[in-house]
Asks: 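Attaching a single structure in structure tokens format; questions to follow.
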Amino acid sequence: MNISRRRFLGVAGAMITASAAGNPKHAFATRKPKAPPNPYGCVVDLTACVGCRTCEQACNRVNHLPPPKERLDDRTVLDQKRRPSTGAFTVINRYYSGRHDQQNQLVPTYVKVQCMHCQDPACASACITGALHKQENGAVTYDKSKCVGCRYCLVACPFQIPAYEYFDPLSPRVRKCTFCYDRISQDGRPGCAAACPMEAITFGNRKMLLEVTRRKIAANPMRYINKIYGEFEVGGTSWMYISKEPFEKLGFLTLPHYPMPHLTETIQHTIFSYMWAPITLFTILAGVMWKINPEQINHDPELHAQQPQHAQEEYV
Amino acid sequence: MSSHPHPKPAPLGIRFWTPGALVLFAVMLMGFCFIIARYLGGLAVVSNLDNQHPWGLWIGIDVATGVALAAGGFTTAAIAHIFGRHQYEAVTRPALLTATLGYTFVAIGLAIDVGRSWALPKPIMFWQGNSVLFEVAMCVVVYTHVLYIEFMPIVVERFRGRVNLPGPFAILNDRVERLLELADSILDKVMWVFIIAGVVLSCMHQSGLGSLMLIAPTKLHPLWYTPILPLLFLTSAIAAGYPMVVFETTVATASFKRADEMEVLAPLTGVTKYLLGIYIALKIGDMMVRGTYVYLFDGSIESRSFIVEMLAMIVPWFMLMSQRLRSKRHTLFVACTTIVLGIALNRCNVFLIGFNPPYAAKSYFPSISEMAITACLLCSITFLYRLAVTYLPVLSAPSLESLEKEPS
């Protein structure tokens with residue numbers, strides 16, 4: 001009996017030490033914001049966009065995407081409320097906010113949609129293998145060599161951006177805007193920003209962009225509402241928008257200002273820091289077993305033979 | 001309660017191919033055709049999944065409900081082996097078998113659902129500690145192995161001293177025999193570690209499954225989105241454990257014409273009324289604190305589904321409170337089946353019905369082929385359960401014939 005107890009304590013102790021030593025990563029319990037300190041960003045000026053779809057063409061070209069079904073200069077697709085897909089990382093939709101111009105015509109607003117490249121992205125936090133990753137320069141990139149295809153990123157994305165190659169039987173990929181990671185890593189601009197003839201997309205350092213844009217809004221209060229969409233949404237995004245119309249009327253979602261992974265990561269790291277919760281539960285259960293049902297641990301055949309007596313007890 | 005000790009588990013030794021077994025096999029074959037179609041044409045060919053609805057029936061039923069209903073395995077192990085209530089040992093083996101098969105088919109269901117089935121082991125190489133799914137996956141992988149280890153004594157018991165391999169493999173008889181003996185002596189000594197580890201791992205990933213949807217606060221309906229969702233998943237899985245054991249044991253004993261085991265099942269569900277009560281209290285308390293009762297009667301599909309889910313917990317809870325209803329086989333079966341279905345609906349509510357993605361062009365409803373594949377997996381579990389109890393010592397209920405011969 002004594003030997004068994006000692007052995008039991010020894011094994012339990014060894015397990016605790018091993019588990020604690022093996023997980024230094026989970027040492028912190030409270031979650032700090034994770035945004036890279038000095039990322040790039042883009043500001044889309046919706047008052048400047050004319051819906052020419054040149055950005056879509058440029059995106060298709062620089063990302064070597066398949067030729068689209070509708071011609072890229074076909075403007076009739078603008079009213080379809082398209083979403084980014086496996087074949088198009090950015091799309092432009094037309095909205096009418098209800099405002100009329102001097103000729104009493106409804107004024108259209110064109111909205112470019114692409115990955116927002118969140119500062120603290122839900123997709124990257126959700127990804128089971130880290131195939132999605134927030135780069136230091138602001139791009140949220142995808143590494144197909146790590147991807148399992150669980151599609152948790154599609155579940156997690158608050159902007160509903162990632163698209164999946166459902167038609168591929170064996171090696172489908174998650175497809176989304178890359179922020180032209182290779183181009184911006186070599187001091188270039190994203191394909192769409194470089195191609196825009198109206199210069200509606202301003203690319204640059206996110207902090208500087210925010211300052212410039214705030215000044216621009218303050219200088220043109222008739223032209224812009226006082227809001228930069230993406231400054232605070234889901235903890236801030238690398239892609240941001242300014243507009244004359246309220247964003248709710250242009251298909252933009254009203255989103256909370258905290259990062260989406262906040263709750264899940266807080267729970268995970270609270271429970272699993274040093275694996276304290278599983279180890280505590282294991283120890284308590286082992287203690288209970290040792291106290292109430294010691295024959296399970298010692299496996300003494302004599303004790304085992306007495307079992308039928310227990311069967312008399314009623315448990316109601 | 002009967003005064004004689006419960007008989008030892010034994011293989012049923014019945015005729016395997018009955019009409020029922022043939023029907024199961026036919027459904028399995030049909031589903032298998034759809035699985036082949038999935039690997040030829042991709043997920044788009046067999047499923048209604050799209051970019052707005054990336055998770056469908058397979059995640060809701062095969063994975064989430066499968067894991068919840070396999071909770072019978074760790075809850076019976078806990079009560080019989082940790083809390084030493086040996087009278088429940090009669091149901092630990094069938095519950096363990098269900099859990100082992102359940103988790104095996106969770107893995108198979110996941111392999112079909114993920115786009116790159118061949119890449120399924122990648123999380124073992126690429127760790128991502130922030131991902132809830134990573135934690136769930138790791139726990140499920142380890143726990144499935146723990147379940148197989150827990151199941152090994154049953155196989156060893158069946159074949160020890162009886163190893164008789166066919167034809168040329170007969171040379172190996174001695175070696176296999178020695179291996180079994182070695183396994184027997186080791187397993188006995190270390191099994192307690194695996195029993196406790198199984199309970200711990202279960203608690204971890206049952207709650208982890210609940211954390212999965214917490215990353216999408218804007219998409220999950222407020223009736224279900226709560227910070228205590230992991231706790232609700234854990235408590236509901238624990239509460240569902242014994243009702244699931246009652247459900248499967250009653251179906252098995254009825255179909256194999258064995259004694260009904262009511263002397264074990266009725267007291268077992270005496271615990272359930274507390275466990276289920278805790279879950280219902282948490283659920284209603286959470287609704288009150290967050291004020292989500294405003295959505296209760298707005299007539300939406302979500303509100304109706306929530307009400308049905310809650311009734312499927314509350315009604316059987318009242319049934320279990322009554323000693324009279326609980327001691328009758330039929331009412332106990334009805335109560336426990338309702339709980340099992342209620343848990344299944346809860347998992348589907350969280351993953352499918354309560355999931356409202358923005359920009360969805362259409363709502364999701366599973367396709368015929370998705371249902372066929374799910375049916376195939378469920379029938380495979382039933383088929384293998386039948387196979388296992390026929391040839392392995394799992395069930396211990398005496399047959400009705402033997403009881404008639406010598407009434408005790």
Side-chain angles (χ1 to χ4, degrees), chain A residues 11 25-26 81 83 85 122 125-131 146-152 154-156 158 160 162-172 253 255-256 260-261 263-265 267-269 272 278 281-282 285-286 288-289 292-293 296-297 299 307-308 310-316, chain B residues 1 5-6 38-44 49-52 54-55 81-87 114-116 118-120 122-123 126 128-135 137 188-189 191-193 195-197 199-200 203-204 211-219 227 230 267 270-271 357-359:
Chain A
V11 173
K25 265 204 262 179
H26 306 297
K81 303 287 181 287
R83 297 294 303 160
S85 63
S125 168
C127 181
I128 184 167
T129 54
K146 287 184 178 176
C147 181
V148 174
C150 65
R151 307 186 295 284
Y152 193 24
L154 278 75
V155 172
Q160 207 65 56
Y164 200 64
E165 294 180 326
Y166 285 103
F167 46 84
D168 188 324
L170 289 176
S171 49
L253 300 167
L255 293 170
M260 294 290 102
L263 181 57
T264 48
E265 288 193 15
I267 292 175
Q268 288 303 98
H269 293 307
F272 293 106
L281 183 59
F282 190 98
L285 289 174
V288 169
M289 187 193 259
I292 303 182
N293 193 21
Q296 185 72 52
I297 296 174
H299 214 82
Q307 270 181 30
H310 291 273
Q312 309 286 328
E313 298 173 13
E314 188 127 11
Y315 197 107
V316 182
Chain B
M1 228 176 174
H6 205 279
R38 178 253 174 273
Y39 283 109
L40 291 178
L43 288 163
L49 301 173
D50 57 33
N51 291 334
Q52 277 72 38
W55 286 357
H81 302 315
I82 297 179
F83 294 99
R85 303 285 177 179
H86 298 291
Q87 67 267 40
V114 301
R116 301 165 162 240
W118 49 271
L120 205 55
K122 277 191 178 171
F126 303 111
Q128 216 283 75
N130 294 323
S131 172
V132 181
L133 194 60
F134 173 76
E135 181 239 318
D188 258 5
K189 292 190 186 101
M191 192 49 80
W192 67 272
V193 177
I195 289 168
I196 302 175
V199 176
V200 174
C203 290
M204 281 159 74
S211 303
L212 276 182
M213 298 312 278
L214 293 185
I215 201 153
T218 56
K219 298 185 188 180
V271 193
Y359 308 118

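Predicted model only: the values in this text are computed from it and were never measured. When reading the values below, keep in mind they use all heavy atoms of this one structure, side chains included, and skip hydrogens, waters and symmetry mates.
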Asks: Does any heavy atom of chain A fall under 4.5 Å from the side chain of B/Leu40, the backbone, both, or neither of them?
Replies: backbone

Asks: Do B/Pro123 and A/Thr129 come within less than 4.5 Å of each other through their side chains, counting heavy atoms only?
Replies: yes

Asks: Sort out for me which of B/Pro217, B/Gly115, B/Pro227 touches chain A most, counting heavy-atom pairs under 4.5 Å.
Replies: B/Gly115

Asks: Of the backbone (N, CA, C, O) and the side chain (C-beta and beyond), which part of B/Lys122 lies under 4.5 Å from a heavy atom of chain A, both, or neither?
Replies: both

Asks: Who wins among B/Ser211, B/Pro358, B/Ala119 for the most heavy-atom pairs under 4.5 Å with chain A?
Replies: B/Pro358

Asks: Tell me which of these, B/Asp50, B/Leu133, B/Ile215, has more heavy-atom pairs under 4.5 Å with chain A than the rest.
Replies: B/Ile215

Asks: Who among A/Asp168, A/Leu263, A/Leu255 has the most heavy-atom pairs with chain B under 4.5 Å?
Replies: A/Leu263

Asks: Please tell me if the side chains of B/His86 and A/Asn293 come closer than 4.5 Å, counting only heavy atoms from C-beta onward.
Replies: yes

Asks: Hey, could you give me the OH/CG distance between A/Tyr164 and B/Leu49, rounded to the nearest 0.5 Å?
Replies: 10.5 Å

Asks: Could you walk me through whether B/Met213 and A/Val155 pass the side-chain contact (heavy atoms from CB on, under 4.5 Å) check?
Replies: CA-CA 8 Å; B/Met213 298 312 278; A/Val155 172; 3.8 Å; yes

Asks: Mind listing the closest non-hydrogen atom pair of A/Gln296 and B/Ile195 along with its distance?
Replies: NE2-CD1, 3.5 Å

Asks: Test side-chain contact (heavy atoms from CB on, under 4.5 Å) on B/Val199 and A/Met289 and set out the steps.
Replies: CA-CA 12 Å; B/Val199 176; A/Met289 187 193 259; over 6 Å; no

Asks: Identify which part of A/Ile267 has an atom lying under 4.5 Å from any heavy atom of chain B, answering side chain, backbone, both or neither.
Replies: side chain

Asks: Among A/Pro256, A/Ala163, A/Gly130, A/Pro261, which residue forms the greatest number of heavy-atom pairs with chain B at distances under 4.5 Å?
Replies: A/Ala163

Asks: Could you measure the distance from the CG atom of A/Leu253 to the NZ atom of B/Lys219? Nearest 0.5 Å is fine.
Replies: 9.5 Å

Asks: I'd like to check B/Phe126 versus A/Cys147 (side-chain heavy atoms, cut-off strictly below 4.5 Å). Are they in contact?
Replies: no

Asks: Under a 3.5 Å distance rule, please check whether A/Gln160 uses its side chain to pair with a backbone N or O of B/Asn51 as donor and acceptor.
Replies: yes

Asks: Indicate yes or no: at least one non-hydrogen side-chain atom of B/Leu120 is less than 4.5 angstrom from one of A/Val148.
Replies: yes

Asks: Considering only heavy atoms and a distance below 4.5 Å, find which of B/Trp118, B/Phe83, B/Tyr359 pairs most often with chain A.
Replies: B/Tyr359

Asks: Tell me, for A/Leu170 versus chain B, whether the close heavy atoms (under 4.5 Å) come from the side chain, the backbone, both or neither.
Replies: both

Asks: Heavy-atom pairs under 4.5 Å with chain B - which of A/Pro158, A/Ser125, A/Ala156 has more of them than the others?
Replies: A/Ser125

Asks: Tell me, for B/Thr218 versus chain A, whether the close heavy atoms (under 4.5 Å) come from the side chain, the backbone, both or neither.
Replies: side chain

Asks: Quick check against the 3.5 Å criterion: does B/Arg116 have a side-chain atom that pairs as donor or acceptor with the backbone of A/Pro172?
Replies: yes

Asks: Looking at CZ of A/Phe282 and CD1 of B/Ile196, how far apart are the two atoms once the value is rounded to the nearest 0.5 Å?
Replies: 5.0 Å

Asks: Find the distance between CG (B/Asn130) and CD (A/Gln268) and round it off to the nearest 0.5 Å.
Replies: 9.0 Å

Asks: Would the distance check show the side chain of A/Tyr152 and the main-chain N or O of B/Leu212 forming a donor-acceptor pair, the cut-off being under 3.5 Å?
Replies: yes

Asks: What pair of heavy atoms forms the shortest contact from B/Val200 to A/Pro278, and how long is it?
Replies: CG1-O, 3.6 Å

Asks: Based on non-hydrogen pairs under 4.5 Å, which of A/Pro169, A/Cys150, A/Ala126 is most in contact with chain B?
Replies: A/Pro169

